[in-house]
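Note that the coordinates shown come from a computational prediction; the quantities given were computed from them, not determined experimentally.
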Amino acid sequence: MKTAYSEAYLQEAMTNMAEMIDYIANDCRADRNEFFRLFISSGLADEFGCGNPKYVAGMSGAELAWETWRIMGIRAEHPDVGLRLCRTADYWEGWILAYAQWKLNQTYRKIMTVIGFSELDTMYPRFHEMPEDRFVEKLQLMLEQPESRDTKLAQFRRLRAYSQKMLSEKSGVSLRAIQQYEQRRKNINKAAAEAVAALAECLECGVEDLLETCSRL
């Protein structure tokens, strides 16, 4: 398999991407998906994804965020980088994204059509202690067969350790409806707003987090 750029830059790329996502989430308190859209639109994602040393090795994670805002003409505050005693889930998500993009030689734009940070949140407990290639295998399957990925409802349900029956009892949404949404036999995007709101409340997420989209960017 042809990788996106020389392995000599991989560790720095993974570290800088990890630090950027961690900085955005925990120091800037910004929406990661919204920021990543800016990162892609700015052209920096393509430069980073092809291994341009200026970006994969020449800037820190915070500096990549600042450069994204500068290119996009956004005047944003630049908080200091916080000191954290351990690596966060956000750090892992940036780390694994950089590795997967390098390994699969796909653009970040393409990758983010099948996965977003809500999905990465739900995958973190299962994948963060596994070898990186296990995540890559899952992502490759999602890219080749988008319908193979779990629905967002299923992902958030598993994250909260609820069975379908438990979620039905807590939300008041019928077990049959939950099963059909997770099997994609019914489109949750067309469900009654009250039902989706009840599910979101039980799963401690936003209504928009449960909706399915074909393309995120």
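- Residues Cys205 and Phe156 share a closest heavy-atom pair of CB-CE2, 3.8 Å.
- The pair Glu182-Arg157 counts as a salt bridge, with a side-chain nitrogen and a carboxylate oxygen less than 4.0 angstrom apart.
- A donor-acceptor contact shorter than 3.5 Å links the side chain of Gln101 to the backbone of Gln106.
- Residues His128 and Trp92 share a closest heavy-atom pair of CA-NE1, 3.3 Å.
- Separation of atoms CZ (Arg176) and CD (Gln164) is listed at 10.5 Å; rounding is to 0.5 Å.
- Listed by chain and residue number, Arg160 satisfy the side-chain contact (heavy atoms from CB on, under 4.5 Å) test with Glu204 (two or more places apart in sequence, or in another chain).
- Taking CZ from Arg184 and CG from Leu153, the interatomic distance works out to 10.5 Å, rounded to the nearest 0.5 Å.
- A donor-acceptor contact under 3.5 angstrom links the side chains of Tyr99 and Asp133, judged on distance only.
- In this structure, Glu137 CD and Lys103 NZ are separated by 9.5 Å, a value rounded to the nearest 0.5 Å.
- A heavy-atom distance below 4.5 Å is found between the side chains of Met17 and Phe39.
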Residue pair Phe36, Met112: steps toward the side-chain contact (heavy atoms from CB on, under 4.5 Å) verdict:
CA-CA 9 Å; Phe36 217 81; Met112 298 304 282; 4.0 Å; yes
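- A donor-acceptor distance shorter than 3.5 angstrom exists from the side chain of Asp209 to the backbone of Gly206, with no hydrogens or angles considered.
- Within the 4.5 Å cutoff, the side chain of Phe48 has heavy atoms near those of the Leu64 side chain.
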Verdict with reasoning, Asn105 to Thr3, per side-chain contact (heavy atoms from CB on, under 4.5 Å)
CA-CA 5 Å; Asn105 194 15; Thr3 54; 5.8 Å; no
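- Listed for the Ser6 side chain is no donor-acceptor partner under 3.5 Å among the backbone atoms of Tyr9.
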Below 3.5 Å, can you tabulate the donor-acceptor pairs from side chains in residues 55-62 to any protein atom, sequence neighbours excluded?
residue: Ser60; atom: OG; partner: Glu63; partner atom: N; Å: 3.2
residue: Ser60; atom: OG; partner: Glu63; partner atom: OE1; Å: 3.4

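- Between Glu93 and Arg32 there is a salt bridge, since at least one side-chain N of the basic residue sits less than 4.0 Å from a carboxylate O of the acidic one.
- Checking side-chain atoms of Glu212 against main-chain N and O of Lys152 turns up a donor-acceptor pair under 3.5 Å.
- A 4.5 Å side-chain heavy-atom check between Leu199 and Leu167 finds at least one atom pair inside the cut-off.
- Summarising the local packing, CD of Glu201 is surrounded by 12 or fewer heavy atoms from other residues, nucleotides or ligands at distances under 6.0 Å.
- Residue His78 comes nearest to Ala76 through the heavy atom pair CD2-O, 3.2 Å, listed as atom of the first residue, atom of the second, then distance.
- Closest approach of Ala65 and Phe35 over heavy atoms only: CA-CZ, 3.7 Å.
- To the nearest 0.5 Å, the span separating CD1 on Ile40 from NZ on Lys110 amounts to 12.5 Å.
- Annotation for Leu210 and Ile188: closest pair O-CG2, 3.5 Å, computed over non-hydrogen atoms.
- Considering OG of Ser118 and CD of Glu208, their distance stands at 8.0 Å, rounded to 0.5 Å.
- Between Leu120 atom CG and Leu97 atom CG the span is 5.0 Å, to the nearest 0.5 Å.
- Lys138 has its side chain within reach of Phe127: a pair of non-hydrogen atoms, C-beta onward, lies under 4.5 Å apart.
- Atom CD of Gln183 has more than 12 heavy atoms from other residues, nucleotides or ligands within 6.0 Å.
- Panel note: side chain Ser168, backbone Leu175; a donor-acceptor pair is recorded below 3.5 Å.
- A pairwise comparison of heavy atoms in Ser42 and Ile71 identifies O-CG2, 3.7 Å as the closest pair.
- Using a 30° and 60° split on the angle between ring planes, Tyr91 and Trp95 fall in the parallel class, below 30°.
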Side-chain donor-acceptor distances from residues 19-31 under 3.5 Å, at least two apart:
residue: Asp22; atom: OD1; partner: Asn26; partner atom: ND2; Å: 2.7
residue: Asp22; atom: OD1; partner: Thr88; partner atom: OG1; Å: 2.5
residue: Asp22; atom: OD2; partner: Arg84; partner atom: NE; Å: 2.7
residue: Asp22; atom: OD2; partner: Arg84; partner atom: NH2; Å: 3.0
residue: Tyr23; atom: OH; partner: Trp66; partner atom: NE1; Å: 2.9
residue: Tyr23; atom: OH; partner: Pro79; partner atom: O; Å: 2.6
residue: Asn26; atom: ND2; partner: Asp22; partner atom: O; Å: 3.2
residue: Asn26; atom: ND2; partner: Asp90; partner atom: OD2; Å: 3.1
residue: Asp27; atom: OD1; partner: Gly82; partner atom: N; Å: 3.1
residue: Asp27; atom: OD1; partner: Arg84; partner atom: NH1; Å: 3.2
residue: Asp27; atom: OD2; partner: Gly82; partner atom: N; Å: 3.2
residue: Asp27; atom: OD2; partner: Arg84; partner atom: NH2; Å: 2.8
residue: Arg29; atom: NE; partner: Asn26; partner atom: O; Å: 3.4
residue: Asp31; atom: OD1; partner: Asn33; partner atom: N; Å: 3.0
residue: Asp31; atom: OD1; partner: Glu34; partner atom: N; Å: 2.7

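- Side-chain N or O atoms of Trp102 include one that pairs as donor or acceptor with a backbone N or O of Tyr5 at under 3.5 Å.
- Here the side chains of Thr68 and Leu44 are in contact, with some heavy-atom distance below 4.5 Å.
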